[in-house]
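Structure, as structure tokens:
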Number of protein chains: 2
Amino acid sequence: MPGRNHKKLPTPLNKQPCVESEMQHLADFKVGVDNVIFSVDTAQNRLLVLLVMRQQEPFLNSWSLPGTLVRQGESLEDAAYRIMAEKIRVNNLYLEQLYTFGGPHRDPREANDSYAIRYLSVSYFALVRFEEAELIADKVSGIAWYPVKDVPQLAFDHNQVLAYGHRRLRNKLEYSPVAFDVLPATFTLNDLYQLYTTVLGDNFADYSNFRARLLKLGFLSDTGIKVSRGAGRPATLYRFDAEAFAPFKDKPLVFI
Amino acid sequence: MPGRNHKKLPTPLNKQPCVESEMQHLADFKVGVDNVIFSVDTAQNRLLVLLVMRQQEPFLNSWSLPGTLVRQGESLEDAAYRIMAEKIRVNNLYLEQLYTFGGPHRDPREANDSYAIRYLSVSYFALVRFEEAELIADKVSGIAWYPVKDVPQLAFDHNQVLAYGHRRLRNKLEYSPVAFDVLPATFTLNDLYQLYTTVLGDNFADYSNFRARLLKLGFLSDTGIKVSRGAGRPATLYRFDAEAFAPFKDKPLVFI
DNA sequence: ACAAAAGTGTTTTTTATACACCCATGC
DNA sequence: GCATGGGTGTATAAAAAACACTTTTGT
């Protein structure tokens, strides 16, 4: 499990520094990139993650995070964007590296003997707008948004990767303005509030205080446009003002 | 640069799913682990990072972060702990994964043609107690604590890795109790305060408020022992009480 | 008219910040 | 006795939390 670690050091093995002759003991790797792609269905207040059905061994016909192996001349980030481009059509997205899982035997393709190629996975975390995201279902391959609450058993250690991504998402939402990457360009304060409650659970300020706090920060600009959603008073549409937000960057600001 | 990313997706290249025939286009990797090892010299109020002088090409005779290549059957974390054990003798340490740097051409051993082996680096972040850390200088290899303020040009992209590690250290210190892994088992509140100012700069609460806040949290237990350091009133030694801290775990608590 | 959704304001409590002051020791 | 580092308290400002209330729409 990634995260904190407190351990005693093994007793130092008074060994020689790494020399050429040791080359043969080094592991050879293929490097995979797996994306944890989140979106929020504001209509149904559900946090979703994108899963694909595996078309090949190992774990044929298991759901898994969309992933790929890194190609020659391709950076890790390139690979992560390639996965996105293959699975989904979006105009905006937020993407950052998550964690690298690299223990031996995490991939069954690694034969039992220790001379086989190792498979290492660098995971990326992505956030896209649900409404404008168009899934690319190439031929019969399964691809679907799953509510994170009921994801099934996944291939490899992907449940663990997902759990880690979910934790990161919660943190990101609290400490940085990623929310505005998932919402449409203009949104109501209620949309924003729903997003927060959906992802974080409703253990934070009530709507009235949430509202007051955010407006005081001053990086939401009133578009003047009102939109009516069924009964009730129409809501004003706001727009995220990146320039006005700039001064808050890298501050330990929390806007729950 | 690791961190936030907003990008347009490339236009989706309507390609086939990854099949066996593509195996030959995949990159082959050796995986390195590099550790950013910090300690704090409380006597001189300096934040230090451990550097080693490279004994081999590439970057022979450049300072670099201590690192190694991952061996067969060894996990990434194992490799990180092995580096520690080879360079330093300590009783306690904090260690966690930092970031994975994996672009092509980040290592000059990668030949110019794109068919060569790629070198990927998984960095780890470590924190040790300066006073009890004993450096292991195997034969003539250079190894030294450097004040982070004046680290020289390092091998590879290690200056970048260090910068990222430094950022993580500052965050960790603010949001989690790592400080108690670097301090001796018993310490004065001034030791703790010095540590914070050294790492974070003194842009936070004055000593009196710092003190009041921490004591109110209740996870520092008074040992009753007083210690005198030159002139002035003797200070009480405190001990970090992990059990009393437990309820604060995973809370968005900030104790600056 | 009234329910539903949006938006405003007020009160109370808690936390942050600044700073004044007392305490114990070495020299 | 006085400089030095350790420790306590108070007064003020700001932020968080709770919640009552008004406004504007659809039906």
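Keep in mind the model is a prediction, meaning the values are calculated, not measured. Chain identifiers are assigned alphabetically (A, B, ...) following the order of the sequence lines, protein sequences preceding nucleic acid strands; residue numbering begins at 1 within each chain.
K226(B) places its NZ atom 9 Å from the C1' atom of dG6(D), with the value rounded to the nearest Å. Atoms CG (L215(B)) and P (dG6(D)) sit 14 Å apart, rounded to a whole Å. In this entry the distance linking OH of Y207(B) with C1' of dA18(C) reads 17 Å, nearest Å. One interatomic measurement links the two molecules: CD of Q194(A) to C1' of dA6(C), which rounds to 12 Å at whole-angstrom precision. Following rounding to the nearest Å, L237(B) (CG) and dG7(D) (C1') show an atom-to-atom distance of 15 Å. Taking atom CG on L214(B) and atom C1' on dG7(D), their separation rounds to 15 Å, with Å as the unit. The distance between atom CG of D191(B) and atom C1' of dG5(D), rounded to the nearest whole Å, is 12 Å. Taking atom CG of residue N190(A) and atom C1' of nucleotide dT24(D), one finds them 15 Å apart after rounding to whole Å.
One can find a donor-acceptor pair under 3.5 Å joining the base of dA18(D) and the side-chain atoms of N209(A). For S208(A) against dT8(C), a side-chain-to-base donor-acceptor contact under 3.5 Å is present.
Under the side-chain contact (heavy atoms from CB on, under 4.5 Å) criterion, N45(A) pairs with Q194(A), T197(A), T198(A), sequence neighbours left out. In this structure, the salt bridge (charged side-chain N to carboxylate O under 4.0 Å, His left out) partners of R129(B), at least two apart in sequence or on a different chain, are E132(B). Residues passing the ring pair (Phe, Tyr, Trp, His ring centres under 6.0 Å) test with F38(B), sequence neighbours excluded: F125(B). Applying the ring pair (Phe, Tyr, Trp, His ring centres under 6.0 Å) test to Y238(B) and every residue at least two apart in sequence or in another chain returns nothing. Scanning for side-chain hydrogen bond (donor to acceptor under 3.5 Å, both in side chains) contacts around T42(B) gives E131(B), with sequence neighbours left out. In this structure F187(A) satisfies the ring pair (Phe, Tyr, Trp, His ring centres under 6.0 Å) test together with F180(A), sequence neighbours excluded.
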Please list each protein N or O that sits under 3.5 Å from an N or O in nucleotides 21-23 of chain D, with the distance.
| unit_1 | atom_1 | unit_2 | atom_2 | d |
| --- | --- | --- | --- | --- |
| dT23(D) | O2 | R233(A) | NH1 | 2.9 |

*Structure string for DNA chain D in dot-bracket form, Watson-Crick and G-U at under 3.5 Å, | interchain*: |||||||||||||||||||||||||||
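Listed pair R213(A) / dA16(D) meets the phosphate criterion, a side-chain N or O lying under 4.0 Å from OP1 or OP2.
Mapping G230(A) and D206(A) onto DNA chain D by nearest heavy atom places D206(A) at the nucleotide closer to the 5' end. Sequence order on DNA chain D of the closest nucleotides to G232(B) and A231(A) puts G232(B) first from the 5' end.
In the model, N171(B) has no side-chain atom that pairs as donor or acceptor with a side-chain atom of E174(B) under 3.5 Å. In this model, a donor atom of one side chain and an acceptor atom of the other lie less than 3.5 Å apart for D34(A) and S121(A).
Residue contacts for R211(B): at a heavy-atom cut-off of 4.0 Å it reaches a base atom on one of the strands shown.
The stretch residues 216-233 of chain B participates, sequence neighbours left out, in these side-chain hydrogen bond (donor to acceptor under 3.5 Å, both in side chains) pairs: D191(B)-R229(B).
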